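Below: one structure, written as C-alpha cells.
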Number of protein chains: 2
Amino acid sequence: MATAADSELHVAAATGLRQVDQRYTAGRRVLVEVLDTASRPLSIPEILKQRRPRLPQSSVYRNLGVLEQAGVVRRVVSTDEFTRYELAEDLTSHHHHLVCSRCGNVEDFTPPPELERSVERARTSMGAGVGFNADTHRLDFIGTCRDCA
Amino acid sequence: MATAADSELHVAAATGLRQVDQRYTAGRRVLVEVLDTASRPLSIPEILKQRRPRLPQSSVYRNLGVLEQAGVVRRVVSTDEFTRYELAEDLTSHHHHLVCSRCGNVEDFTPPPELERSVERARTSMGAGVGFNADTHRLDFIGTCRDCA
DNA sequence: CTTCCTGCAAAAGTTTTGCATTAAC
DNA sequence: GTTAATGCAAAACTTTTGCAGGAAG
C-alpha cells in the first residue's frame, strides 16, 4: 500500500502488457488497483460494484482477459458460477485458497513451506509418461467459511 | 466393467438418493453409467452428446444437482466456463486432476500417498483461528495436455 | 392413487461481440 | 495522425424454472 510498492506494481503490470503489445490504459490500471486492494479473488459482479459510477461491464470482461494474457492477473475458479480474478503471483506472492462450498467465497491462505515442498516434489517428479506437462499446482481447502458456519 | 461392480455402484447410488428422499429413476441411472464409463470428469455438453437421442438438457441439469445433493456425484471446476461432474469418491476412489490451461480438459490423477499425508496433515492442523472449517482438499496440477502440446 | 420426476419451451443470468467514438502512443 | 481501447447495446451461451403429462412407489 506504500507509494513505492504501488509504483512497482504498476511498472510490473505495464511491462507485462507491453510484452503482449498492449497498452496500460486507465481502465486497466483501475482493475489492477481494485485487485491489489482486495485480500481475496474478486468475482466480476464484485468488481463492477466496487466503483461508482460502475465500471463498464464489457471493458471489465475484455480487460481482465487481456490482463490474464499478459500474466498480470489470474483466473480463479470456485464452487459457484462466477469467475474470479486476483493479481498474478509474480506481482504478489505464492498462496492458496480457502473455498467455501456453500457461498463460493474465496479467501487467500498461505500453507506451511513443508507442504509446498511436498507438492512441488510431486509435480516435478511426475514423468512425461502421463502425457501431461504440469506447470504449476492448485491446492485449495474446501469447507465452510465464517459467514456460512 | 464387471457386472458385480456395476451392481455395487447402483446400490450405492440408490442408497445415497434414498437418504435425501429421492428416487433412483432411469434418467439418473443413465447419468451414473455415463460418468462411470468416463475416466475423467465430463462437462454437461459432453454428457448431452453422449447418447442418441440426446438426453434432455433440463433433466440432466436437474438430476446432476440431485445426485450432487445425494453425494453420488461431485462437481469439478476447471479453467473454462463449463461445469464438470464425476462420480463421488465414496463410489470410486480418492484422486486428483490434471487440468489443461488451454482447453480446460480434465484427466484423473492419483498422486503418491506421501503427498496425500502431507496435505491432510496441513488440513487437520489448520486451526479454527483462521475462521474456516476445512472439510477436504482440492489438489490439481495445471499445465498442457497431450492434445494441446 | 398420490407424489415426484420428466421434458419441452421459455426465462434468467453470465459472458461475448459489433460498432461508432475516444484515448493512447 | 494512426492505431488500438472504450462503452453502449444487443447477441450468444450456459444454466434455471414453469408447467402439463407420465412414471415410481
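All values below come from the heavy atoms of this structure, side chains included, with hydrogens, waters and symmetry mates left out. Just so we're on the same page: letters track the sequence lines, and every chain starts at 1. This is a predicted model, so every value here is computed, not measured.
Picking from D/dT14, D/dA10, C/dC4 the nucleotide with the shortest atom distance to the side chain of B/Y61 gives D/dT14. Closest to the side chain of B/I44, from the set D/dT15, C/dC8, D/dT14, is D/dT15. Nearest nucleotide to the A/E81 side chain, out of D/dT16, C/dT14, C/dT16: C/dT14. Listed candidates were D/dA9, C/dC5, D/dG18. Nearest to the side chain of B/T25 is C/dC5.
A donor-acceptor pair under 3.5 Å links the side-chain atoms of B/R123 to the main chain of B/A134, judged by distance alone. In this structure, A/D36 contributes its side chain and A/V32 its backbone to no donor-acceptor pair below 3.5 Å. The backbone N or O of A/R84 sits nowhere less than 3.5 Å from a side-chain atom of A/S43 that would complete a donor-acceptor pair.
Put simply, CZ on B/F82 is 17 Å from P on C/dT14, counting in whole angstrom units. Atom CG in B/L17 sits about 21 Å away from atom P in C/dT3, given to the nearest Å. Between the CZ atom of A/R62 and the P atom of C/dC19 there is a distance of 12 Å, given to the nearest Å. For A/R18 and C/dC25, the CZ to P distance is 9 Å, given to the nearest whole Å. Here D/dT15 presents its P atom at 8 Å from OH of B/Y85, a figure rounded to the nearest Å. To the nearest angstrom, P of C/dT14 lies 15 Å from CZ of A/R75. Between A/R54 atom CZ and D/dC8 atom P the separation is 13 Å, expressed in whole Å. Atom OH of A/Y24 is separated from atom P of D/dT6 by 12 Å (rounded to the nearest Å).
Taking a cutoff of 4.0 Å between a charged side-chain nitrogen and a carboxylate oxygen, B/E33 and B/R28 do not qualify as a salt bridge.
When the side-chain nitrogen and oxygen atoms of B/S58 are compared with OP1 and OP2 of C/dA9, none of them lie within a distance under 4.0 Å. For the OP1/OP2 pair of D/dA5 and a distance below 4.0 Å, the side-chain nitrogens and oxygens of A/N63 include no atom meeting the criterion. Contact annotation: A/S59 side-chain N/O to D/dA5 OP1/OP2 distance is not under 4.0 Å. Residue B/Q22 places no side-chain N or O under 4.0 Å from the OP1 or OP2 atom of C/dC4.
Residues B/T83 and A/R28 each lie close to DNA chain D; by heavy-atom proximity, the contact nearer the 5' end of the strand is made by A/R28.
Checked by distance alone, A/R23 brings no side-chain donor or acceptor within 3.5 Å of a matching partner on the base of D/dT6.
Of all non-hydrogen atoms in A/Q57 and A/L48, the two that sit nearest each other are CA-CD2, 3.9 Å.
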